[in-house]
Amino acid sequence: MTTEHRTLHNRVLAVLGPAIAAGEYAPGHAFTLQGLENDFGVSRTVAREAVRVLESMGLVVSRPRTGIRVRPQRDWSVFDPQLIRWRLAGSGRMEQLRSLNELRAAVEPGAAALAAERGPADERAQLEAVAERMTLTGQAGELTTFMELDIAFHRRILELSGNEMLSGLAEVVTEVLVARTSYDLMPHNPRPEALRLHMTVARAVRDGLPDVAEAAMRAIVTEVADALRDDAPGC
């Protein structure tokens, strides 16, 4: 794909993808390649490439004679990071965040326990340094750096679990953490209790204490769930 084609292809996706994700087109709504060409002023090749991306996400299905049709939400590839970003950018942002945090609640506490049990000792020990830097940047109100460290912390927990399926959810968790900062759902200074809990998880993982690691991680995601339930910033 040439640079020009990629730019045009991205322009089509940047409009059509979020619109479908936001429910602006009902399941069964039909597009045609000719219609996309006319609407966006692009070539047939560019239109077809954009449709292929949407198909890969399960948003549409393309069939001869029936055109390109929007698929029901149950068929969407809901773990696709781009689709998550589109959904977070729309009016259903809070619902999507709650859904993603419920996934975190189901996954991350168990991952923290596995990290304490399975992670190599030297790598488990490094997690504490990340938590310490999180505390310092959080207290200083350096949210950009704090977010980067928070992402690194939670990704590392999933990776240390030694389970490839859990590790594969790292991008999903990243999107949740980024969204909470991007959409002003984080306080200027993260809550002290949340900082303490991250440190507790890190030390429990370091010391090989799965029950403590699991309980502390569960408290972290529960606090976030409570903040989202109240539509208020959490940590």
Nearest atoms (heavy-atom pairs only) where [X] meets [Y]:
{"X": "Met134", "Y": "Asp150", "value": "CE-OD1, 3.4 Å"}
{"X": "Ala112", "Y": "Met217", "value": "CB-CB, 4.0 Å"}
{"X": "Ala213", "Y": "Val201", "value": "O-CG2, 4.0 Å"}
{"X": "Arg218", "Y": "Pro109", "value": "NH2-CB, 3.5 Å"}
{"X": "Leu88", "Y": "Gln96", "value": "CD2-CG, 3.6 Å"}
{"X": "Ala113", "Y": "Pro210", "value": "O-CB, 3.5 Å"}

Between [X] and [Y], is there shared hydrophobic-cluster membership here, with clusters defined by ILVMFWY side-chain heavy atoms closer than 4.5 Å?
{"X": "Val212", "Y": "Val130", "value": "no"}
{"X": "Leu209", "Y": "Leu197", "value": "no"}
{"X": "Val15", "Y": "Val70", "value": "yes"}
{"X": "Leu16", "Y": "Leu13", "value": "yes"}
{"X": "Leu158", "Y": "Val178", "value": "yes"}

Checklist entry - Is Arg98 salt-bridged to Glu102, going by a charged N under 4.0 Å from an acidic O? => result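 No salt bridge links Arg98 with Glu102.
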
Checklist entry - Taking NZ, NE, NH1 and NH2 as the nitrogens, is one of them in Arg52 or Glu49 under 4.0 Å from a carboxylate oxygen of the other? => result no

Item to check | Stepwise side-chain contact (heavy atoms from CB on, under 4.5 Å) test for Met199 and Leu195 | outcome: CA-CA 6 Å; Met199 184 63 72; Leu195 296 174; over 6 Å; no

In the structure I gave you, are the side-chain heavy atoms of [X] and [Y] within less than 4.5 Å of one another anywhere?
{"X": "Pro190", "Y": "Leu143", "answer": "yes"}
{"X": "Leu127", "Y": "Ile157", "answer": "yes"}
{"X": "Val172", "Y": "Leu103", "answer": "yes"}
{"X": "Glu148", "Y": "Thr144", "answer": "yes"}
{"X": "Glu55", "Y": "Ser62", "answer": "yes"}

Those residues that, when tested against [X], pass side chain to side chain contact (heavy atoms under 4.5 Å, CB included) (two or more places apart):
{"X": "Val78", "answer": "Trp76, Arg87"}
{"X": "Ala89", "answer": "Tyr183"}
{"X": "Ala105", "answer": "Val221"}
{"X": "Ala47", "answer": "Leu33, Leu36, Glu37, Val42"}

Item to check | Under the side-chain hydrogen bond (donor to acceptor under 3.5 Å, both in side chains) test, residues paired with Glu171 that sit two or more places apart | outcome: Arg155

Item to check | Contacts of Thr137 that satisfy side-chain hydrogen bond (donor to acceptor under 3.5 Å, both in side chains) - sequence neighbours left out | outcome: none

Checklist entry - Quick one: ring pair (Phe, Tyr, Trp, His ring centres under 6.0 Å) partners of Phe31, sequence neighbours excluded? => result Tyr25, His29

Next on the checklist: Determine whether a donor-acceptor pair (N or O, by modelled atom type, separation under 3.5 Å) exists between the side chain of Ser56 and the backbone of Val53.
Outcome noted: yes

Checklist entry - With sequence neighbours left out, which residue pairs that include part of residues 108-127 fulfil the side-chain hydrogen bond (donor to acceptor under 3.5 Å, both in side chains) condition? => result Arg104-Glu108, Glu108-His154, Glu123-Arg156

Checklist entry - Are more than 12 heavy atoms from other residues, nucleotides or ligands located less than 6.0 Å from atom CZ of Arg85? => result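 More than 12 within 6.0 Å, yes.
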
Measuring from atom [atom1] of [X] to atom [atom2] of [Y], what distance do you get when rounded to the nearest 0.5 angstrom?
{"X": "Met94", "Y": "Ser99", "atom1": "CE", "atom2": "OG", "result": "12.5 Å"}
{"X": "Arg191", "Y": "Ile220", "atom1": "CZ", "atom2": "CD1", "result": "13.0 Å"}
{"X": "Phe146", "Y": "Leu177", "atom1": "CZ", "atom2": "CG", "result": "9.0 Å"}
{"X": "Met57", "Y": "Ser77", "atom1": "CE", "atom2": "OG", "result": "8.5 Å"}
{"X": "Arg69", "Y": "Thr32", "atom1": "CZ", "atom2": "OG1", "result": "11.0 Å"}
{"X": "Leu160", "Y": "Leu166", "atom1": "CG", "atom2": "CG", "result": "11.5 Å"}

Set of residues satisfying salt bridge (charged side-chain N to carboxylate O under 4.0 Å, His left out) with respect to [X], sequence neighbours excluded:
{"X": "Glu128", "result": "Arg203, Arg206"}
{"X": "Glu132", "result": "none"}
{"X": "Asp207", "result": "none"}

Checklist entry - Going by the ring pair (Phe, Tyr, Trp, His ring centres under 6.0 Å) test, which pairs reach into residues 77-114, not counting sequence neighbours? => result none

